[in-house]
Amino acid sequence: MRIGFGYDIHQLQEGDKFYLGGIFIPHDKQPVAHSDGDVLIHAICDALLGAANLADIGTHFPDNDPQFKNANSTYILRETLSLLSHERWKVNNLDTTIILERPKLKNYIPRIRTNLATIMNIPEKDISIKATTNEKTGAIGREEAIAAYAATLIYT
Ligand code: MG
């Protein structure tokens, strides 16, 4: 078995296309991104790729490639999982932290877990989604950015 770690951050701008963990969340800001800017899924993909030592999300899904413009991050996660399964890796568990000031994610986390469990084909009990604010400090505290961290254990 092997451990992996991932991180992602995106700037926020005015808008209403706010996706996190593959689900739509009503908000008055959206990520600035080539894809849909789903920091949680991007951090998860980097953790998975890191655990398998398969480089990183930017290597497999370059942000200057028109193919991935406005890409649905769910697609990127599915492709990442298929890269791992080609080498017979399975996911044991996933632990994540999202950092943002608003909106409160408490009511959305159950849906994010269900969605990720479906995509990743692992039980919800093996997926942890945590959220915290940046205590109003820095770019995240000013609501100019959103970030996520992910750790995972994979096994064959
Ligand atoms: Mg990203």
Side-chain angles (χ1 to χ4, degrees), residues 2-86 89 91 93-105 108-109 111-122 127-134 137-154:
R2 290 162 64 136
I3 191 169
F5 167 76
Y7 165 76
D8 194 28
I9 186 166
H10 279 266
Q11 287 182 46
L12 292 172
Q13 63 184 2
E14 275 183 34
D16 57 9
K17 294 182 188 68
F18 190 82
Y19 288 89
L20 210 48
I23 70 157
F24 172 74
I25 294 174
H27 192 33
D28 53 10
K29 290 182 188 271
Q30 69 179 48
V32 178
H34 183 71
S35 69
D36 60 12
D38 191 324
V39 285
L40 179 58
I41 287 188
H42 295 177
I44 291 169
C45 289
D46 253 3
L48 293 166
L49 291 168
N53 203 354
L54 288 170
D56 56 32
I57 191 172
T59 303
H60 296 282
F61 313 98
D63 66 7
N64 55 7
D65 186 334
Q67 189 188 338
F68 302 117
K69 188 156 172 52
N70 304 317
N72 181 334
S73 291
T74 299
Y75 166 80
I76 292 173
L77 179 55
R78 285 188 205 281
E79 290 295 303
T80 297
L81 289 162
S82 100
L83 287 169
L84 265 75
S85 68
H86 280 141
W89 292 113
V91 179
N93 73 306
L94 180 66
D95 183 21
T96 66
T97 299
I98 305 155
I99 310 164
L100 83 171
E101 295 297 315
R102 280 190 317 126
K104 286 279 172 238
L105 294 180
Y108 299 103
I109 284 175
R111 277 176 53 210
I112 294 174
R113 278 180 84 205
T114 305
N115 189 48
L116 292 176
T118 306
I119 298 165
M120 299 180 74
N121 199 22
I122 59 173
I127 299 177
S128 154
I129 312 280
K130 310 185 301 294
T132 187
T133 72
N134 220 33
T137 66
I140 295 174
R142 292 189 299 270
E143 299 185 37
E144 293 166 5
I146 176 173
Y149 296 91
T152 189
L153 192 74
I154 61 171

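When a ligand or atom number is given, it counts from 1 through the structure's own listing order.
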Side chains of residues 22-29: which donor-acceptor pairs under 3.5 Å do they make with residues two or more places apart or in other chains?
| from | atom 1 | to | atom 2 | distance (Å) |
| --- | --- | --- | --- | --- |
| His27 | NE2 | Arg102 | O | 3.4 |
| Asp28 | OD1 | Arg102 | NH2 | 3.2 |

- Task: Could you count the protein N, O or S atoms found under 2.8 Å away from the Mg ion (ligand 1)?
- Result: 3
- So how far is it from Thr59 OG1 to Leu49 CG, rounded to the nearest 0.5 Å? 8.5 Å
- Message: Quick check against the 3.5 Å criterion: does His10 have a side-chain atom that pairs as donor or acceptor with the backbone of Val32?
- Response: yes
- Full working for side chain to side chain contact (heavy atoms under 4.5 Å, CB included) between Met120 and Leu81: CA-CA 7 Å; Met120 299 180 74; Leu81 289 162; 3.9 Å; yes
- Item | Exercise: do Thr118 and Asn115 side chains pair donor with acceptor under 3.5 Å | no
- Message: Could you tell me if Asp8 and His42 have a donor-acceptor pair between their side chains, going purely by distance under 3.5 Å?
- Response: yes
